[in-house]
Asker: 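Sending over a structure as C-alpha coordinates; questions will come in a sec.
Remember, it's 1-based here, ligands and their atoms both numbered in the order they're listed. Start at 1 with the first residue, then count along the sequence.
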Amino acid sequence: MSNATRKHTALPKAQILIEALPWLTRHNGKTVVIKFGGNAMVNEELKAAFAQDVVFLRQAGLKPVVVHGGGPQINAQLDLHGLESEFKAGLRVTTPEAMDVVRMVLAGQVQREIVGLLNQHGPLAIGLTGEDAHTITATQHRPEIDGELVDIGRVGEITAIDTGAIEALLEDGRIPVISSIARSQDDGHVYNVNADTAAAALAAALGAETLMVLTDVEGLYEDWPNSDEVISRLTAKQLEKLLPELASGMVPKMEGCLHAVRNGVNTARVIDGRVQHSILLEIFTDEGIGTMVVPDAENDVANDAVGES
Ligand SMILES: Nc1ncnc2c1ncn2[C@@H]1O[C@H](COP(=O)(O)OP(=O)(O)O)[C@@H](O)[C@H]1O
Ligand SMILES: CC(=O)N[C@@H](CCC(=O)OP(=O)(O)O)C(=O)O
(Lines give C-alpha, C1' and ligand atoms only; values in the text may rest on other atoms or scores of the structure.)
(Ligands and ions follow the chains in the order given, each with its own letter.)
Protein backbone atom coordinates (compact mmCIF):
# COMPACT_ATOMS: atom_id res chain seq x y z
CA MET A 1 0.00 0.00 0.00
CA SER A 2 1.41 3.42 -0.92
CA ASN A 3 1.73 6.21 1.59
CA ALA A 4 -1.01 8.19 -0.19
CA THR A 5 -3.45 5.24 -0.03
CA ARG A 6 -2.69 4.72 3.65
CA LYS A 7 -3.54 8.37 4.37
CA HIS A 8 -6.70 8.06 2.31
CA THR A 9 -8.00 5.11 4.36
CA ALA A 10 -6.77 6.44 7.71
CA LEU A 11 -8.55 9.82 7.57
CA PRO A 12 -12.14 8.52 7.77
CA LYS A 13 -11.09 6.44 10.78
CA ALA A 14 -9.78 9.57 12.49
CA GLN A 15 -13.05 11.34 11.73
CA ILE A 16 -15.00 8.56 13.42
CA LEU A 17 -12.77 8.78 16.50
CA ILE A 18 -13.17 12.55 16.61
CA GLU A 19 -16.93 12.31 16.39
CA ALA A 20 -16.75 10.38 19.66
CA LEU A 21 -14.77 13.12 21.47
CA PRO A 22 -17.66 15.26 22.80
CA TRP A 23 -19.49 12.11 23.92
CA LEU A 24 -16.37 10.75 25.62
CA THR A 25 -16.02 14.05 27.47
CA ARG A 26 -19.69 14.16 28.42
CA HIS A 27 -19.87 10.58 29.70
CA ASN A 28 -16.50 10.41 31.43
CA GLY A 29 -16.85 8.91 34.93
CA LYS A 30 -20.62 8.45 34.53
CA THR A 31 -22.52 5.29 35.42
CA VAL A 32 -24.43 3.53 32.63
CA VAL A 33 -26.82 0.70 33.48
CA ILE A 34 -27.27 -1.71 30.58
CA LYS A 35 -30.12 -4.25 30.53
CA PHE A 36 -29.20 -7.23 28.38
CA GLY A 37 -32.33 -9.25 27.64
CA GLY A 38 -32.81 -12.87 26.84
CA ASN A 39 -34.07 -12.01 23.37
CA ALA A 40 -31.06 -9.81 22.57
CA MET A 41 -28.75 -12.70 23.51
CA VAL A 42 -29.61 -14.82 20.54
CA ASN A 43 -26.33 -15.51 18.81
CA GLU A 44 -22.64 -15.85 19.57
CA GLU A 45 -21.48 -12.92 17.42
CA LEU A 46 -23.97 -10.57 19.08
CA LYS A 47 -22.93 -11.69 22.53
CA ALA A 48 -19.24 -11.18 21.73
CA ALA A 49 -19.96 -7.70 20.29
CA PHE A 50 -21.99 -6.84 23.41
CA ALA A 51 -19.03 -7.80 25.62
CA GLN A 52 -16.65 -5.72 23.48
CA ASP A 53 -18.94 -2.69 23.77
CA VAL A 54 -19.25 -2.95 27.54
CA VAL A 55 -15.48 -3.31 27.95
CA PHE A 56 -14.99 -0.39 25.54
CA LEU A 57 -17.20 1.80 27.76
CA ARG A 58 -15.16 0.79 30.81
CA GLN A 59 -11.86 1.52 29.06
CA ALA A 60 -13.24 4.87 27.82
CA GLY A 61 -13.78 6.00 31.43
CA LEU A 62 -17.47 5.18 31.95
CA LYS A 63 -18.79 2.89 34.68
CA PRO A 64 -20.96 0.22 33.06
CA VAL A 65 -23.27 -1.95 35.17
CA VAL A 66 -24.91 -4.92 33.42
CA VAL A 67 -28.33 -6.21 34.54
CA HIS A 68 -29.45 -9.29 32.68
CA GLY A 69 -32.63 -11.21 31.97
CA GLY A 70 -33.00 -14.64 30.45
CA GLY A 71 -36.68 -15.25 29.72
CA PRO A 72 -36.13 -17.61 26.76
CA GLN A 73 -33.43 -19.55 28.66
CA ILE A 74 -35.79 -19.92 31.67
CA ASN A 75 -38.59 -21.14 29.37
CA ALA A 76 -36.29 -23.80 27.91
CA GLN A 77 -35.18 -25.07 31.33
CA LEU A 78 -38.73 -25.09 32.76
CA ASP A 79 -39.70 -27.15 29.73
CA LEU A 80 -36.92 -29.66 30.45
CA HIS A 81 -38.19 -29.94 34.04
CA GLY A 82 -41.75 -30.48 32.80
CA LEU A 83 -42.88 -27.19 34.39
CA GLU A 84 -45.31 -24.79 32.75
CA SER A 85 -44.39 -21.25 31.56
CA GLU A 86 -47.32 -18.96 32.21
CA PHE A 87 -47.32 -15.15 32.17
CA LYS A 88 -49.86 -12.85 33.80
CA ALA A 89 -49.68 -9.07 33.40
CA GLY A 90 -46.37 -9.65 31.54
CA LEU A 91 -44.81 -11.44 34.53
CA ARG A 92 -43.95 -15.10 34.96
CA VAL A 93 -46.20 -16.98 37.35
CA THR A 94 -43.46 -18.31 39.63
CA THR A 95 -44.19 -21.33 41.82
CA PRO A 96 -41.52 -22.28 44.41
CA GLU A 97 -40.33 -25.04 42.02
CA ALA A 98 -40.17 -22.57 39.11
CA MET A 99 -38.27 -20.12 41.36
CA ASP A 100 -35.53 -22.73 41.84
CA VAL A 101 -35.23 -23.05 38.05
CA VAL A 102 -35.28 -19.25 37.51
CA ARG A 103 -32.49 -18.80 40.05
CA MET A 104 -30.43 -21.65 38.61
CA VAL A 105 -30.74 -20.33 35.04
CA LEU A 106 -30.15 -16.64 35.80
CA ALA A 107 -27.37 -16.94 38.39
CA GLY A 108 -25.85 -20.25 37.31
CA GLN A 109 -26.08 -20.05 33.54
CA VAL A 110 -26.84 -16.67 31.95
CA GLN A 111 -24.87 -14.55 34.43
CA ARG A 112 -21.89 -16.93 34.27
CA GLU A 113 -21.89 -16.72 30.47
CA ILE A 114 -21.90 -12.90 30.45
CA VAL A 115 -19.17 -12.75 33.11
CA GLY A 116 -17.10 -15.19 31.01
CA LEU A 117 -17.51 -13.14 27.84
CA LEU A 118 -16.50 -9.90 29.56
CA ASN A 119 -13.55 -11.52 31.29
CA GLN A 120 -12.07 -12.58 27.97
CA HIS A 121 -10.91 -8.96 27.91
CA GLY A 122 -9.32 -8.93 31.37
CA PRO A 123 -10.16 -9.41 35.06
CA LEU A 124 -13.14 -7.07 34.90
CA ALA A 125 -16.54 -8.62 35.49
CA ILE A 126 -17.97 -9.87 38.78
CA GLY A 127 -21.39 -11.49 38.94
CA LEU A 128 -23.91 -11.12 41.73
CA THR A 129 -27.64 -11.40 42.20
CA GLY A 130 -29.90 -8.92 43.95
CA GLU A 131 -29.67 -11.25 46.95
CA ASP A 132 -25.99 -10.43 47.49
CA ALA A 133 -25.23 -7.77 50.12
CA HIS A 134 -28.96 -6.83 50.18
CA THR A 135 -28.58 -5.27 46.73
CA ILE A 136 -32.29 -5.77 45.89
CA THR A 137 -34.99 -6.37 48.50
CA ALA A 138 -38.58 -7.16 47.54
CA THR A 139 -41.97 -8.14 48.83
CA GLN A 140 -44.60 -10.19 47.01
CA HIS A 141 -45.97 -8.43 43.94
CA ARG A 142 -49.68 -8.86 43.29
CA PRO A 143 -50.62 -7.35 39.93
CA GLU A 144 -54.13 -6.02 39.42
CA ILE A 145 -55.94 -7.92 36.66
CA ASP A 146 -59.53 -6.94 35.83
CA GLY A 147 -59.80 -5.04 39.09
CA GLU A 148 -58.56 -7.94 41.25
CA LEU A 149 -55.21 -8.42 42.96
CA VAL A 150 -53.80 -11.70 41.69
CA ASP A 151 -51.34 -14.07 43.37
CA ILE A 152 -48.63 -15.00 40.83
CA GLY A 153 -46.31 -16.69 43.30
CA ARG A 154 -42.78 -15.64 44.04
CA VAL A 155 -42.68 -12.50 41.90
CA GLY A 156 -41.12 -9.59 43.71
CA GLU A 157 -41.93 -5.92 43.95
CA ILE A 158 -38.79 -4.00 44.81
CA THR A 159 -38.95 -2.24 48.18
CA ALA A 160 -35.29 -1.30 48.72
CA ILE A 161 -31.97 -1.11 46.88
CA ASP A 162 -28.59 -1.11 48.59
CA THR A 163 -25.99 0.12 46.08
CA GLY A 164 -23.02 -0.46 48.42
CA ALA A 165 -21.65 -3.62 46.80
CA ILE A 166 -22.08 -2.27 43.25
CA GLU A 167 -20.42 1.02 44.13
CA ALA A 168 -17.48 -0.77 45.74
CA LEU A 169 -17.02 -2.86 42.59
CA LEU A 170 -17.20 0.21 40.35
CA GLU A 171 -14.71 2.00 42.56
CA ASP A 172 -12.40 -0.98 42.07
CA GLY A 173 -12.73 -0.71 38.28
CA ARG A 174 -14.90 -3.83 37.95
CA ILE A 175 -17.99 -4.40 35.84
CA PRO A 176 -20.86 -5.69 38.04
CA VAL A 177 -23.16 -8.19 36.29
CA ILE A 178 -26.43 -8.52 38.18
CA SER A 179 -29.14 -11.17 37.96
CA SER A 180 -32.68 -9.95 38.61
CA ILE A 181 -33.39 -11.95 41.76
CA ALA A 182 -34.26 -10.23 45.03
CA ARG A 183 -33.96 -11.18 48.67
CA SER A 184 -37.27 -11.31 50.43
CA GLN A 185 -38.14 -8.88 53.19
CA ASP A 186 -40.90 -11.26 54.31
CA ASP A 187 -39.24 -14.65 54.68
CA GLY A 188 -35.93 -16.43 54.08
CA HIS A 189 -36.64 -17.05 50.39
CA VAL A 190 -36.09 -15.10 47.18
CA TYR A 191 -38.22 -13.39 44.55
CA ASN A 192 -38.17 -13.36 40.75
CA VAL A 193 -38.05 -9.77 39.46
CA ASN A 194 -38.53 -8.68 35.86
CA ALA A 195 -35.08 -7.72 34.61
CA ASP A 196 -36.21 -4.42 33.00
CA THR A 197 -37.75 -3.36 36.31
CA ALA A 198 -34.61 -4.36 38.23
CA ALA A 199 -32.36 -2.44 35.80
CA ALA A 200 -34.48 0.72 36.08
CA ALA A 201 -34.57 0.58 39.89
CA LEU A 202 -30.79 0.09 40.02
CA ALA A 203 -30.19 2.94 37.55
CA ALA A 204 -32.26 5.30 39.70
CA ALA A 205 -30.65 4.18 42.97
CA LEU A 206 -27.14 4.49 41.51
CA GLY A 207 -27.86 7.96 40.12
CA ALA A 208 -26.84 6.63 36.70
CA GLU A 209 -26.53 9.01 33.79
CA THR A 210 -28.12 6.54 31.38
CA LEU A 211 -30.29 3.44 31.42
CA MET A 212 -29.94 1.44 28.24
CA VAL A 213 -32.34 -1.42 27.57
CA LEU A 214 -31.35 -3.79 24.76
CA THR A 215 -34.15 -5.70 23.12
CA ASP A 216 -35.19 -7.50 19.92
CA VAL A 217 -36.93 -4.60 18.17
CA GLU A 218 -35.62 -1.25 16.89
CA GLY A 219 -37.15 0.72 19.74
CA LEU A 220 -40.61 1.82 20.76
CA TYR A 221 -42.90 1.61 17.73
CA GLU A 222 -45.46 4.39 17.48
CA ASP A 223 -48.27 2.15 16.28
CA TRP A 224 -47.20 -1.42 17.03
CA PRO A 225 -47.85 -3.92 15.38
CA ASN A 226 -49.30 -1.94 12.44
CA SER A 227 -46.25 0.16 11.58
CA ASP A 228 -42.50 0.07 12.15
CA GLU A 229 -42.21 3.81 12.71
CA VAL A 230 -39.90 4.17 15.74
CA ILE A 231 -40.39 7.03 18.21
CA SER A 232 -36.88 8.44 18.50
CA ARG A 233 -37.35 10.79 21.46
CA LEU A 234 -40.07 11.43 24.01
CA THR A 235 -40.43 13.16 27.35
CA ALA A 236 -41.55 11.47 30.56
CA LYS A 237 -44.97 13.12 30.24
CA GLN A 238 -45.42 11.94 26.65
CA LEU A 239 -44.43 8.42 27.68
CA GLU A 240 -46.82 8.47 30.63
CA LYS A 241 -49.69 9.18 28.21
CA LEU A 242 -48.63 6.29 25.94
CA LEU A 243 -48.19 3.68 28.69
CA PRO A 244 -51.80 2.42 28.86
CA GLU A 245 -51.68 1.63 25.12
CA LEU A 246 -48.54 -0.50 25.29
CA ALA A 247 -48.52 -4.28 25.13
CA SER A 248 -46.53 -7.27 26.41
CA GLY A 249 -42.78 -6.98 26.89
CA MET A 250 -42.72 -3.23 26.19
CA VAL A 251 -44.70 -2.47 29.35
CA PRO A 252 -41.98 -3.20 31.97
CA LYS A 253 -39.35 -1.62 29.68
CA MET A 254 -41.19 1.67 29.26
CA GLU A 255 -42.42 1.75 32.88
CA GLY A 256 -38.78 1.25 33.84
CA CYS A 257 -37.62 4.08 31.56
CA LEU A 258 -40.26 6.36 33.09
CA HIS A 259 -39.25 5.43 36.64
CA ALA A 260 -35.59 6.05 35.79
CA VAL A 261 -35.99 9.55 34.27
CA ARG A 262 -38.45 10.55 37.02
CA ASN A 263 -35.81 9.56 39.57
CA GLY A 264 -32.70 11.37 38.42
CA VAL A 265 -31.47 9.37 35.42
CA ASN A 266 -30.74 11.77 32.52
CA THR A 267 -31.75 9.52 29.63
CA ALA A 268 -33.36 6.10 29.35
CA ARG A 269 -33.07 4.37 26.00
CA VAL A 270 -34.51 1.28 24.37
CA ILE A 271 -32.19 0.05 21.62
CA ASP A 272 -31.97 -2.82 19.18
CA GLY A 273 -29.80 -5.55 20.63
CA ARG A 274 -29.86 -7.38 17.28
CA VAL A 275 -27.61 -4.68 15.77
CA GLN A 276 -23.95 -5.38 16.44
CA HIS A 277 -22.29 -2.66 18.56
CA SER A 278 -25.61 -0.90 19.16
CA ILE A 279 -24.30 0.31 22.55
CA LEU A 280 -21.31 2.09 20.97
CA LEU A 281 -23.48 3.61 18.25
CA GLU A 282 -25.89 4.93 20.86
CA ILE A 283 -23.31 6.36 23.25
CA PHE A 284 -20.53 7.61 20.99
CA THR A 285 -22.08 8.73 17.69
CA ASP A 286 -24.15 11.75 16.76
CA GLU A 287 -26.94 9.70 15.20
CA GLY A 288 -27.98 7.48 18.08
CA ILE A 289 -30.44 4.68 17.43
CA GLY A 290 -33.62 3.47 19.11
CA THR A 291 -35.91 5.38 21.47
CA MET A 292 -34.70 7.92 24.01
CA VAL A 293 -36.79 9.01 27.01
CA VAL A 294 -35.82 12.27 28.67
CA PRO A 295 -37.12 14.00 31.83
CA ASP A 296 -39.77 16.69 31.39
CA ALA A 297 -38.33 20.12 30.66
CA GLU A 298 -38.45 22.32 33.76
CA ASN A 299 -41.01 24.65 32.18
CA ASP A 300 -43.30 21.63 31.38
CA VAL A 301 -43.30 20.73 35.07
CA ALA A 302 -43.84 24.37 36.09
CA ASN A 303 -46.73 24.78 33.59
CA ASP A 304 -48.30 21.60 34.92
CA ALA A 305 -48.07 22.80 38.48
CA VAL A 306 -49.83 26.04 37.45
CA GLY A 307 -52.42 24.02 35.50
CA GLU A 308 -53.16 21.77 38.47
CA SER A 309 -53.50 24.52 41.07
N1 LIG B 1 -45.01 -0.37 20.97
C2 LIG B 1 -44.14 -1.39 20.86
N3 LIG B 1 -42.96 -1.19 20.26
C4 LIG B 1 -42.06 -2.20 20.16
N5 LIG B 1 -42.28 -3.47 20.60
C6 LIG B 1 -43.45 -3.74 21.21
C7 LIG B 1 -44.43 -2.71 21.37
N8 LIG B 1 -45.47 -3.25 22.04
C9 LIG B 1 -45.14 -4.54 22.26
N10 LIG B 1 -43.94 -4.86 21.78
C11 LIG B 1 -43.30 -6.20 21.90
O12 LIG B 1 -42.37 -6.18 22.97
C13 LIG B 1 -41.28 -7.07 22.66
C14 LIG B 1 -40.04 -6.77 23.50
O15 LIG B 1 -40.21 -7.24 24.82
P16 LIG B 1 -39.59 -8.65 25.32
O17 LIG B 1 -39.99 -9.73 24.37
O18 LIG B 1 -39.97 -8.79 26.76
O19 LIG B 1 -38.04 -8.39 25.14
P20 LIG B 1 -36.71 -8.78 25.97
O21 LIG B 1 -36.64 -10.27 26.04
O22 LIG B 1 -35.63 -8.15 25.16
O23 LIG B 1 -36.84 -8.18 27.35
C24 LIG B 1 -41.10 -6.86 21.17
O25 LIG B 1 -40.45 -7.94 20.55
C26 LIG B 1 -42.54 -6.67 20.67
O27 LIG B 1 -43.07 -7.93 20.31
C1 LIG C 1 -41.15 -11.87 37.04
C2 LIG C 1 -40.55 -12.19 35.70
O3 LIG C 1 -41.28 -12.25 34.71
N4 LIG C 1 -39.21 -12.39 35.65
C5 LIG C 1 -38.49 -12.72 34.46
C6 LIG C 1 -37.00 -12.56 34.77
C7 LIG C 1 -36.11 -12.68 33.55
C8 LIG C 1 -36.34 -11.56 32.53
O9 LIG C 1 -36.93 -10.53 32.79
O10 LIG C 1 -35.80 -11.86 31.30
P11 LIG C 1 -35.97 -11.04 29.92
O12 LIG C 1 -35.43 -9.68 30.15
O13 LIG C 1 -35.18 -11.86 28.98
O14 LIG C 1 -37.45 -11.02 29.60
C15 LIG C 1 -38.79 -14.16 34.00
O16 LIG C 1 -38.99 -15.04 34.83
O17 LIG C 1 -38.78 -14.39 32.77
Asker: Please state whether Gly273 comes within less than 4.0 angstrom of ligand 1, counting heavy atoms only.
Answerer: no

Asker: Out of all atoms in ligand 1, which are within 4.0 Å of some heavy atom of Gly219? Include the element for each.
Answerer: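 Answer for ligand 1: 3 (N), 4 (C).
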
Asker: Contact between ligand 1 and Lys253 is defined here as a heavy atom of the residue under 4.0 Å from a ligand atom; is it met?
Answerer: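 Yes.
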
Asker: Would you say Thr135's side chain and Glu131's backbone share a donor-acceptor pair under 3.5 angstrom?
Answerer: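 No: the side chain of Thr135 does not pair with the backbone of Glu131.
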
Asker: Please check: side-chain N/O of Gln238 versus main-chain N/O of Thr235, any donor-acceptor pairing under 3.5 Å?
Answerer: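 Yes, because the side chain of Gln238 sits within donor-acceptor range (under 3.5 Å) of the backbone of Thr235.
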
Asker: Using modelled atom types only, decide if a donor and an acceptor are shared between the side chain of Glu222 and the backbone of Glu229 within a distance under 3.5 Å.
Answerer: no

Asker: Using a 4.0 Å cut-off to any heavy atom of Gly71, which atoms of ligand 2 qualify?
Answerer: 10 (O), 11 (P), 13 (O), 17 (O)

Asker: What part of Asn192, side chain from CB on, backbone N/CA/C/O, both or neither, has a heavy atom under 4.0 Å from ligand 2?
Answerer: both

Asker: Consider only side-chain N and O atoms of Glu45 and Gln276, and report whether a donor and an acceptor are under 3.5 Å apart.
Answerer: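 On atom types as modelled, these side chains qualify, holding a pair under 3.5 Å.
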
Asker: Using only atom types and a distance under 3.5 Å, with no angle test, would you say the side chain of Thr163 pairs donor to acceptor with the backbone of Ile166?
Answerer: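 Checked: no pair found.
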
Asker: Mark up the atoms of ligand 1 that fall under 4.0 Å of a heavy atom belonging to Val217, in ascending order.
Answerer: 4 (C), 5 (N), 24 (C), 25 (O)

Asker: Any chance you could lay out the side-chain contact (heavy atoms from CB on, under 4.5 Å) test for Ile181 and Tyr191, step after step, and finish with the verdict?
Answerer: CA-CA 6 Å; Ile181 299 165; Tyr191 283 117; over 6 Å; no

Asker: With heavy atoms of Asp216 as the reference, note each atom of ligand 1 found under 4.0 Å away.
Answerer: 14 (C), 24 (C), 25 (O)

Asker: With heavy atoms under 4.0 Å as the rule, classify the contact between Lys35 and ligand 2 as side chain, backbone, both or neither.
Answerer: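 The answer is the side chain of Lys35.
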
Asker: How does Thr215 reach ligand 1, by side chain, by backbone, by both or by neither, if only non-hydrogen atoms under 4.0 Å count?
Answerer: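 It is both parts that get close, each with some atom under 4.0 Å.
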
Asker: Please work out, at 4.0 Å between heavy atoms, whether the side chain, the backbone, both, or neither of Tyr221 comes within that distance of ligand 1.
Answerer: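 The answer is both, backbone and side chain.
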
Asker: Pairs of nitrogen or oxygen atoms closer than 3.5 Å, one from Gly70 and one from ligand 2: do any exist?
Answerer: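 Yes, Gly70 has an N/O under 3.5 Å of an N/O on ligand 2.
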
Asker: Backbone N or O of Thr210 within a donor-acceptor pair of the Asn266 side chain at under 3.5 Å?
Answerer: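 Not a single qualifying donor-acceptor pair exists.
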
Asker: Could you check whether Glu113 pairs with Lys47 (Lys NZ or Arg NE/NH1/NH2 to Asp/Glu carboxylate O, under 4.0 Å)?
Answerer: yes

Asker: List ligand 1 atoms under 4.0 Å from Leu220, heavy atoms only on the residue side.
Answerer: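 So the atoms of ligand 1 that pass are 1 (N), 2 (C), 3 (N).
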
Asker: Report, in ascending order of atom number, the atoms of ligand 2 lying under 4.0 Å from any heavy atom of Leu91.
Answerer: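 Atoms satisfying the 4.0 Å criterion: 1 (C), 3 (O).
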
Asker: Does Lys35 come within less than 4.0 Å of ligand 1, judged by its heavy atoms?
Answerer: yes

Asker: Quick check: do Glu209 and Val265 have side-chain heavy atoms less than 4.5 Å from each other?
Answerer: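 Not touching, per the 4.5 Å side-chain cut-off.
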
Asker: Measuring from non-hydrogen atoms of Ala247 to any atom of ligand 1, is the shortest distance under 4.0 Å?
Answerer: yes

Asker: If you define the side chain from C-beta out and look only at heavy atoms, does anything of Ser180 sit under 4.5 Å from Leu106?
Answerer: yes

Asker: Can you confirm, on distance only, whether ligand 2 has an N/O atom lying under 3.5 Å from any N/O atom belonging to Asp196?
Answerer: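 No; every N/O pair is 3.5 Å or more apart.
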
Asker: Which of the atoms in ligand 2, numbered in the order shown and given with their element, are less than 4.0 Å from a heavy-atom of Val193?
Answerer: 4 (N), 6 (C)

Asker: Just jot down the ligand 2 atoms closer than 4.0 angstrom to any heavy atom of Ala195, in number order.
Answerer: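 Heavy-atom distances to Ala195 below 4.0 Å select 8 (C), 9 (O), 12 (O).
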
Asker: How about Asn194 and Arg92: does a side-chain donor come under 3.5 Å of a side-chain acceptor?
Answerer: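 Asn194 vs Arg92: no donor-acceptor pair found between side chains.
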
